[in-house]
*Asks:* 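Input: one structure, supplied below.
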Number of protein chains: 2
Amino acid sequence: MKRTSLAGDSCPVARALDVFGDWWSLLIIRDASLGRRRFGEFQAGLGLAKNILASRLRTLVEHGILKTVPASDGSAYQEYVLTPKGHGIFPILVALRQWSEEFDDHPEEIATILVDREKGKPVRKLALFSQDGRLLNEADITLKQRPEAKRARASA
Amino acid sequence: MKRTSLAGDSCPVARALDVFGDWWSLLIIRDASLGRRRFGEFQAGLGLAKNILASRLRTLVEHGILKTVPASDGSAYQEYVLTPKGHGIFPILVALRQWSEEFDDHPEEIATILVDREKGKPVRKLALFSQDGRLLNEADITLKQRPEAKRARASA
DNA sequence: CTTGTGTAGTTGCAATATTAAACCAGATGC
DNA sequence: GCATCTGGTTTAATATTGCAACTACACAAG
């Protein structure tokens, strides 16, 4: 009766959700990407229970999204920072943000906007392009079975 | 002691997660975007308990992501289809997929690839551009306080 | 070195959510 | 009309979440 795991699923969306698809993980990752590093910072900023936070940090570290490093202030504590795999989640956060900006019923409650650091102007919407540079929308794409070949069989 | 709601949060990421950030909603939306419409299709395809599915469908309809329509086969049953707000989640699904494709520890278990329908070639990675067309990455952006930010609690 | 305070958790318990399975009503098919 | 299919709801067991209390160690002051 455990919560059903999506780990072995063949769908990459499900596989991603299996790693950080719970109620808090993406918010922890968001805070990490904003520079929060310490257990107490996450706990105070998110307002979640400490046992839940400890559990989430543990699994995010296990999955290689966060790693622990010695505290940057020279103390004996540790800090949690994003790995490259964790930084790879950034586009997902942007996509979530842009969906709320476009479709939220109360957009006036949104406090911040994403701007490019150089010019201070809002960014464009994330866009999907074909290999030859055409702009694609949902109707222009389809799923194809992955060619099973690829990896050299038996790396012997 | 209820599961803490993120609905009133000022962060657009949290607001999006409040709507479809649970264990099953995004998978239901994924299936809907692949053309699944019937309760039984979702239930069989996802393998989740029927009461959970019923509950999720109800809240997704309440949030305006799905709507019910008369069955397309002329029967007296109803079907669930994505609204424009629901179709707007598509880039999030793409971002999740691309993260798994790039960072999953067992990418050989991923069954499908996303191709453009016209040429049948894999799509490019989602990309974020500035208003004047420069390609941006995580380090090139920053958050700015929204000018007319109204009341709200908590973080960025 | 002793006391006090802050940080980072763990533990125990109550409340809530998820699951699986049984049940049920209306629609469909024969 | 009767059996079956579809789309749920109900019930009971189990798992997860949230909260509060507790602990262990770090650090700072005296």
Side-chain angles (χ1 to χ4, degrees), chain A residues 1-9 14 17-28 31-32 35-63 66-81, chain B residues 1-9 14 17-28 31-32 35-63 66-81 153-154:
Chain A
M1 257 189 188
K2 287 178 116 74
R3 182 170 67 176
T4 58
S5 166
L6 305 167
D9 201 287
L17 293 177
D18 185 72
V19 177
F20 54 81
D22 65 274
W23 201 249
W24 290 111
S25 290
L26 265 172
L27 296 175
I28 293 169
D31 277 11
R36 290 196 171 125
R37 305 163 67 97
R38 295 284 283 257
F39 186 96
E41 284 184 289
F42 293 116
Q43 208 264 320
L46 293 168
L48 83 173
K50 299 202 295 178
N51 54 345
I52 306 292
L53 175 58
S55 161
R56 292 297 180 278
L57 289 173
R58 196 163 25 231
T59 68
L60 288 172
V61 168
E62 276 168 14
H63 280 103
L66 294 174
K67 67 182 171 192
T68 53
V69 299
S72 50
D73 61 358
S75 74
Y77 297 111
Q78 60 177 359
E79 293 180 349
Y80 298 89
V81 299
Chain B
M1 259 187 188
K2 287 175 119 78
R3 182 170 66 176
T4 58
S5 165
L6 306 166
D9 201 286
L17 293 177
D18 185 72
V19 177
F20 55 81
D22 66 273
W23 202 248
W24 290 111
S25 290
L26 265 171
L27 296 174
I28 293 169
D31 278 10
R36 290 196 171 127
R37 306 162 67 97
R38 295 286 281 259
F39 186 96
E41 284 184 290
F42 292 116
Q43 208 264 319
L46 292 169
L48 83 174
K50 300 202 294 178
N51 54 348
I52 303 295
L53 176 57
S55 161
R56 292 298 180 279
L57 289 172
R58 197 174 315 129
T59 69
L60 288 172
V61 168
E62 277 169 15
H63 280 103
L66 294 174
K67 67 182 169 193
T68 53
V69 299
S72 51
D73 62 357
S75 74
Y77 297 113
Q78 60 178 358
E79 295 181 346
Y80 298 89
V81 299
R153 355 174 307 240

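Heavy atoms only: backbone and side chains are in, while hydrogens, waters and symmetry mates are out.
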*Asks:* Identify the residue among Ile28(A), Thr59(A), Leu26(A) that makes a side-chain contact (heavy atoms from CB on, under 4.5 Å) with Phe20(A).
*Replies:*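 Looking at Ile28(A), Thr59(A), Leu26(A), the match for Phe20(A) under the side-chain contact (heavy atoms from CB on, under 4.5 Å) is Leu26(A).
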*Asks:* Does a side-chain N or O of Arg56(B) approach OP1 or OP2 of dT18(C) to a distance below 4.0 Å, or not?
*Replies:* yes
*Asks:* Given atom CG of Leu53(A) and atom P of dC19(D), what is their separation to the nearest angstrom?
*Replies:* 13 Å
*Asks:* Taking CG from Asp73(A) and C1' from dA26(D), how many angstroms apart are they, rounded to a whole number?
*Replies:* 11 Å
*Asks:* Nearest-Å distance, CD (Glu41(B)) to P (dG8(D))?
*Replies:* 13 Å
*Asks:* Which atoms of nucleotides 20-25 of chain C (N or O only) lie under 3.5 Å from a protein N or O atom, and what are those distances?
*Replies:*
{"residue": "dA20(C)", "atom": "N6", "partner": "Asn51(B)", "partner atom": "ND2", "Å": "2.7"}

*Asks:* Please determine whether a side-chain nitrogen of the Lys or Arg among Asp22(B) and Arg3(B) lies less than 4.0 Å from a carboxylate oxygen of the Asp or Glu.
*Replies:* no
*Asks:* Tell me every residue that passes side-chain contact (heavy atoms from CB on, under 4.5 Å) with Ala44(A), counting only those two or more places apart in sequence or in another chain.
*Replies:* none
*Asks:* Pair Lys50(B), Phe39(B) - check side-chain contact (heavy atoms from CB on, under 4.5 Å), show working.
*Replies:* CA-CA 9 Å; Lys50(B) 300 202 294 178; Phe39(B) 186 96; 4.1 Å; yes
*Asks:* Just how far, in rounded Å, is P of dG8(D) from CZ of Arg58(B)?
*Replies:*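 It is 9 Å, rounded to the nearest whole Å.
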*Asks:* Quick one: the side chain of Tyr77(A) and the base of dG6(C), do they pair up donor-acceptor inside 3.5 Å?
*Replies:* yes
*Asks:* Taking all non-hydrogen atoms of both residues into account, name the closest pair between Tyr77(B) and Arg38(B) and its distance.
*Replies:* CD1-NH2, 3.3 Å
*Asks:* Between P on dC5(D) and CD on Gln43(B), what's the gap in Å once rounded to a whole number?
*Replies:*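 In whole Å, dC5(D) P and Gln43(B) CD are 15 Å from each other.
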*Asks:* What is the distance, to the nearest angstrom, from the CH2 atom on Trp23(A) to the C1' atom on dT18(C)?
*Replies:*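 Trp23(A) atom CH2 is separated from dT18(C) atom C1' by 14 Å.
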*Asks:* Let me spell it out: for each of Trp24(B) and Gly74(B), pick the nucleotide of DNA chain C with the closest heavy atom. Which residue's pick is nearer the 5' end?
*Replies:* Trp24(B)
*Asks:* If the threshold is 4.0 Å, N to carboxylate O, is there a salt bridge linking Glu41(B) and Arg36(B)?
*Replies:*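 The answer is no: the pair does not qualify as a salt bridge.
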*Asks:* Closest-nucleotide mapping onto DNA chain D: is Ser55(B) or Asp22(A) further toward the 5' terminus? I mean the 5' end.
*Replies:*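 It is Ser55(B) whose nearest nucleotide is closer to the 5' end.
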*Asks:* Ile52(B) has an atom CD1; how far is it from atom C1' of dT14(D), in whole Å?
*Replies:* 13 Å
*Asks:* Rounding to an integer number of Å, can you tell me how far Phe39(A) CZ sits from dA8(C) P?
*Replies:* 8 Å
*Asks:* Can you tell me if the side-chain N/O atoms of Arg37(A) get under 4.0 Å from OP1 or OP2 in dA8(C)?
*Replies:*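 Arg37(A) to dA8(C) OP1/OP2: no side-chain N or O under 4.0 Å.
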*Asks:* Would you say dA8(C) has OP1 or OP2 under 4.0 Å from some side-chain N or O of Arg38(A)?
*Replies:*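 Result: yes.
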*Asks:* Taking only side-chain nitrogens and oxygens of Gln78(A), does any of them come within less than 4.0 Å of OP1 or OP2 of dT7(C)?
*Replies:* no
*Asks:* Does a nitrogen or oxygen in the side chain of Tyr80(A) sit under 4.0 Å from OP1 or OP2 of dT7(C)?
*Replies:*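 It does not, given that no N or O in the side chain of Tyr80(A) lies less than 4.0 Å from OP1 or OP2 of dT7(C).
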*Asks:* Please report the closest heavy-atom contact between Leu6(A) and Asp18(A), naming both atoms and the distance.
*Replies:* N-OD1, 3.0 Å
*Asks:* Counting only side-chain heavy atoms from C-beta out, which of dT10(C), dA27(C), dT19(C) sits nearest to Ala76(B)?
*Replies:* dA27(C)
